[in-house]
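Read the structure below first, then the notes.
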Amino acid sequence: MPSSGPIATAGITAPVATDVASGPRSCAVSGAGIGTASAPGAASGEPSPRAGGHDDLLDDLLDHVAEWGPADTPAGVFHLVPVRIEGDLPLISRWMNDPAAAAFWELSGPQEVVGDHLRAQLAGDGRSVPCVGVLDGTPMSYWEIYRADLDPLALHYPARPHDTGIHLLIGAGTDRGRGLGGLLLRAVADLVLSQRPSCARVIAEPDIRNTPSIAAFLTAGFRFSAEVDLPAKRAALMIRDRPIRPPL
């Protein structure tokens, strides 16, 4: 890539604003989610308890995201909690209507715009799990963990079985520019690789124009692989490989 391109200008210390969705998912998964920071368990950093919904279903395509457990980070204890529409839609919709998010996610407008996006995943076969990221008991980010090898994205890069993709939106503007994006992306990529033994690579495809997001992925240990033309954008294909263990 020419040195003047977006990748070259994205220093790894740049703040994260948003990651982007790569367009409509082909399928998705149902989930149980989180409501507000004052929900039971918030004070201890634990997600609120759930009954029914996704917790009672199989999501073998992604090895039970709801059961992955917490990740300890320098910023606090972090949980990925699968979305529950009735509790999470207002918050996620508010985040998507932030101009910085709307520029890349294109999910601004009435709540039902985001609602339709979430329901398309919740009605699917388990290949995409929308989640709320909860840091020390406070919902502060939106995530999509998805099977990149089963996604339309796989038509645009040399996919391998069980490649797992990540989309991220840091919700509040006050949480951006603090280095949380790279820190949490590293934590979630670590979770994917530890909880999905069949997965050898974590994939991301932020918009090539979203240099803060690209910088956050670089900070999180991803490498830039290629620029790819997707139906809705030109993307930076970012890959984090599972470390190779030396022979005993």
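Ion pairing between Asp98 and Arg176 holds under the 4.0 Å rule for side-chain N and carboxylate O.
Scanning all heavy atoms of the two residues, the minimum distance from Leu193 to Asp241 falls at CD1-O, 4.4 Å. The two residues Ile214 and Ala236 make their nearest non-hydrogen contact at CD1-CB, 3.8 Å. Heavy atoms only, all atoms of each residue included: Leu118 and Tyr142 are closest at CD2-OH, 3.3 Å. Contact record, Ala75 with Asp136: O-OD2, 3.7 Å, taken as the closest heavy-atom pair. Considering all non-hydrogen atoms of both residues, Pro70 and Leu191 come closest at O-CD2, 4.4 Å. In this structure, Ile85 and Gly115 approach most closely via the heavy-atom pair CD1-O, 4.0 Å.
Judged by distance alone, the side chain of Arg196 and the main-chain N or O of Leu61 form a donor-acceptor pair under 3.5 Å. No donor-acceptor pair closer than 3.5 Å links the side chain of Thr138 to the backbone N or O of Met140. Here the side chain of Asp163 pairs no donor or acceptor atom with the backbone of Ile203 at under 3.5 angstrom. Using modelled atom types, no side-chain atom of His167 and backbone atom of Ile145 make a donor-acceptor pair closer than 3.5 Å. The main-chain N or O of Ala100 is never found under 3.5 Å from a side-chain atom of Trp105 such that the two would form a donor-acceptor pair. For the pair Asp125 (side chain) and Arg127 (backbone), a donor-acceptor distance under 3.5 Å is present.
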With side chain to side chain contact (heavy atoms under 4.5 Å, CB included) as the criterion, how do Trp68 and Val192 come out once you've worked through the C-alpha distance, each side chain's angles and the decisive distance to 0.1 Å? CA-CA 9 Å; Trp68 284 5; Val192 170; 3.8 Å; yes

Salt bridge (Lys or Arg N to Asp or Glu O under 4.0 Å) evaluation trace for Asp63 with Arg147: CA-CA 11 Å; Asp63 297 300; Arg147 283 286 297 271; over 6 Å; no

Quick one: do Tyr146 and Thr164 satisfy side chain to side chain contact (heavy atoms under 4.5 Å, CB included)? Show the steps, please. CA-CA 6 Å; Tyr146 68 98; Thr164 303; over 6 Å; no

Going through the checks in order, is the side chain to side chain contact (heavy atoms under 4.5 Å, CB included) test met by Val81 and Cys131? CA-CA 5 Å; Val81 184; Cys131 296; 5.9 Å; no

With side chain to side chain contact (heavy atoms under 4.5 Å, CB included) as the criterion, how do Arg160 and Arg201 come out once you've worked through the C-alpha distance, each side chain's angles and the decisive distance to 0.1 Å? CA-CA 8 Å; Arg160 298 178 187 172; Arg201 306 189 303 176; 3.5 Å; yes

Working note: Glu205 + Arg234, criterion salt bridge (Lys or Arg N to Asp or Glu O under 4.0 Å); need CA distance, chi angles, decisive distance, verdict. CA-CA 9 Å; Glu205 24 73 38; Arg234 185 163 181 80; over 6 Å; no

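Distance check, rounded to the nearest 0.5 Å: NE2 of His162 to OG of Ser198 gives 4.0 Å. Here Leu80 contributes atom CG and Glu144 contributes atom CD; the two are 12.0 Å apart, rounded to the nearest 0.5 Å. Rounding to the nearest 0.5 angstrom, the gap separating the OG atom in Ser141 from the CD1 atom in Ile170 is 5.0 Å. Note that OG of Ser93 is 9.0 Å distant from CG of Leu107, once rounded to the nearest 0.5 Å. Rounded to the nearest 0.5 Å, atoms CD1 (Ile166) and CE (Met238) are 11.5 Å apart. Put simply, CG on Asp72 and CG on Asp190 are 11.5 Å apart, with the number rounded to the nearest 0.5 Å.
Listed by chain and number, the residues in a salt bridge (charged side-chain N to carboxylate O under 4.0 Å, His left out) with Glu106 amount to none (sequence neighbours excluded). When the ring-ring contact (aromatic ring centres under 6.0 Å, His included) test is applied to Phe78, the partners found at least two apart in sequence or on another chain are Trp143.
Contact of the Leu122 side chain with the Arg84 side chain is not registered, since no non-hydrogen atoms from C-beta on lie closer than 4.5 Å. At least one side-chain heavy atom of Leu169 sits under 4.5 Å from a side-chain heavy atom of Trp95.
Counted by atom type alone, His64 and Gln195 present zero donor-acceptor pairs between their side chains at under 3.5 Å.
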Between side-chain atoms of residues 180-187 and protein atoms elsewhere (two or more places apart, or another chain), which donor-acceptor pairs fall under 3.5 Å?
from: Arg186; atom 1: NH2; to: Thr219; atom 2: O; distance (Å): 2.6

